[in-house]
Protein chains: 2
Amino acid sequence: MHAKNIDRRNIYEYYTLVYKIEREDLAEKAYEALKLMILRGELPSGEKLLQESLAENLGISRTPLCSALAKLEKEMLVTSLPRRGFYVNRLSLKELLDIYDIRLRLEPLGAGEAAERASASQIADLESAVNPPALAGVTENYRSFKEYDYRFHSLVMEISGNSFLSRMIRSFNIISLGNMQHFFKSPEQSIAEHRSLIEAIKHHDKTAAEKTMYTHIVHARQVIEKKLREENG
Amino acid sequence: MHAKNIDRRNIYEYYTLVYKIEREDLAEKAYEALKLMILRGELPSGEKLLQESLAENLGISRTPLCSALAKLEKEMLVTSLPRRGFYVNRLSLKELLDIYDIRLRLEPLGAGEAAERASASQIADLESAVNPPALAGVTENYRSFKEYDYRFHSLVMEISGNSFLSRMIRSFNIISLGNMQHFFKSPEQSIAEHRSLIEAIKHHDKTAAEKTMYTHIVHARQVIEKKLREENG
DNA sequence: TTTTAAAATTTTGCATGCAAAAAACATTGA
DNA sequence: TCAATGTTTTTTGCATGCAAAATTTTAAAA
């Protein structure tokens, strides 16, 4: 069944790279679908996820859905209350700040690595992500902005070549975007910052890329920190 | 069923805190069991996980086991090859280094927060973790050391109060420890470094705690980096 | 009207069974 | 001997059904 020139001992590594992408099971598809629904706000944070109806909507049975929910739980996108059900994770301000503390340390790391490694085609991908066709509606409504922002950050982390980092940051970005109902800074400013990050990456300037990403995230973090202080009086 | 003085609107938050711990489902128990088996090396990295026999050994059916494996997959402890099965994740040196890059950024963050927040009883917990009764066998065999090291780092991250950080680092530590077959530095040195971290936390010295944790991890990272360079010639 | 208790309904968690895919094994022909 | 093909066995992924728990509804008492 498998290609003949692949050493038996390396079959694991081989399939890890190539085979996986094509053949996805229902649990993985449901997981992806739910993630997108959370990012889009179609499943608002705090909402209870009814297994029967969700499964029906997705056109699958509860078995793969359960696995999908288990995955989301470990990525902290949903919370499981045994015998009570799954809920889309709703973050307190403190928790949102916790996530930003993590992003603030990790995304600059990823941006720096991306600056070191980025190929010409990867840079082209980045540029097309911030150019007009991809920006439709982004400055007008927050929902479009979220998807755009998620795409851009995912792309940078992907380019870093650190798959652990990339997967983790993707989850965290969905959690945080899913828990934010309005612009934390103007979308124009975000896009401008994204563009200057691309410049740094283009010039393979690791330090500049790190700094730009840091500044980009620390702004939002400061807004959250201020809110939290106000909340606590 | 639930306490009467809990506001209906807050029931979600209430149960998130208290209810969850007691009632664990089989999938979660299996997940915990498998994690421990990976940490202990009872499931060596690269090993294929046969669902039928694993389920039988755990005394459960394949349904909750599947959910447990799905969880482990999203925490990157196992790899799923659709229709082929699950394998304990085996890391390349590059991947191990990727994980250390993440730990190097995040664990100092956690250590610093822990230094700020640690209560007297939490400090006592830390101290008892590095005192003789808890150190049995740790300097002699690597397997005991792994469990000790995992416990200590988990404890520090727990004290940081950032639950996202804590959960993530726990996974990464299991992956990395599960993929290391021998001491990267002498256990005595590790324990000494742990002790000086406790000192910093005790004095609520955030900067010192961050630095100590950084140094502690960067040593191991350098060993890996060197190996990787040798491997690539 | 509110509070409490009982009954009915819904929902969850799990084991099981089945179809399809993959792996292991056997057979044939070079 | 080895490669290629066919056959059997194993394993995976999923839908389904059932028991127990949780929730909602209804009824009764304060």
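Side-chain atoms are counted along with the backbone in the values below, which use heavy atoms only and exclude waters and symmetry mates. All chains are named by letter (A, B, ...) in the order of the sequence lines, taking the proteins before the strands, and each is independently numbered beginning at 1.
- For B/Arg84, no side-chain nitrogen or oxygen approaches OP1 or OP2 of D/dG13 to under 4.0 Å.
- Nucleotide C/dA15 holds its P atom 14 Å from the CZ atom of A/Arg62, rounded to whole Å.
- Contact annotation: side chain of B/Arg83 to base of D/dG13, donor-acceptor pair absent below 3.5 Å.
- Between the CG atom of A/Leu65 and the C1' atom of D/dA15 there is a distance of 13 Å, rounded to whole Å.
- If you check every strand for non-hydrogen atoms under 4.0 Å, B/Leu54 touches nothing.
- For A/Glu28 and D/dC14, the CD to C1' distance is 16 Å, given to the nearest whole Å.
- Cation-pi contact between A/Arg103 and A/Tyr100: present, with separation from the ring centre below 6.0 Å and deviation from the ring axis of at most 45°.
- Atom pair B/Glu52:CD and C/dA22:P shows a separation of 19 Å (rounding to whole Å applied).
- Looking at A/Tyr148 and A/His194, their side chains come closer than 4.5 Å, going by heavy atoms from C-beta outward.
- Two residues are said to be in side-chain contact when any heavy atoms from C-beta on lie closer than 4.5 Å; B/Lys146 and B/Arg40 fail this criterion.
- Spacing between atom CG of A/Leu50 and atom P of D/dT23 amounts to 12 Å, rounded to whole angstrom units.
- Checking B/Leu49 against B/Thr63, the closest nucleotide of DNA chain D that is more toward the 5' end is the one next to B/Leu49.
- Axis angle, first five pairs versus last five pairs of the helix from C/dT1-D/dA30 to C/dA30-D/dT1: 10°, rounded to 10°.
- With contacts defined as side-chain heavy-atom distances shorter than 4.5 Å, the pair B/Phe164/A/Asp101 does not qualify.
- For D/dT10, neither phosphate oxygen OP1 nor OP2 lies less than 4.0 angstrom from any side-chain nitrogen or oxygen of B/Gln51.
- Between the P atom of D/dT11 and the CG atom of B/Leu81 lies a distance of 16 Å, rounded to the nearest Å.
- Contacts of A/Leu69 with the nucleic acid, taken as non-hydrogen atoms under 4.0 Å apart, are absent.
- Across all non-hydrogen atoms, the minimal contact from A/Gln51 to A/Leu69 is CG-CD1, 4.2 Å.
- Across B/Ile175 and B/Met76, no two heavy atoms sit closer than the pair CD1-O, 3.3 Å.
- The CD atom of A/Glu24 sits 19 Å away from the P atom of D/dT12 (whole-angstrom rounding).
- With rounding to whole Å, B/Lys71 atom NZ is found 12 Å from C/dG13 atom C1'.
- The side chain of B/Pro64 lies closest to C/dC14, out of C/dT12, D/dT16, C/dC14.
- Considering all non-hydrogen atoms of both residues, A/Ala68 and A/Ala30 come closest at CB-CB, 3.8 Å.
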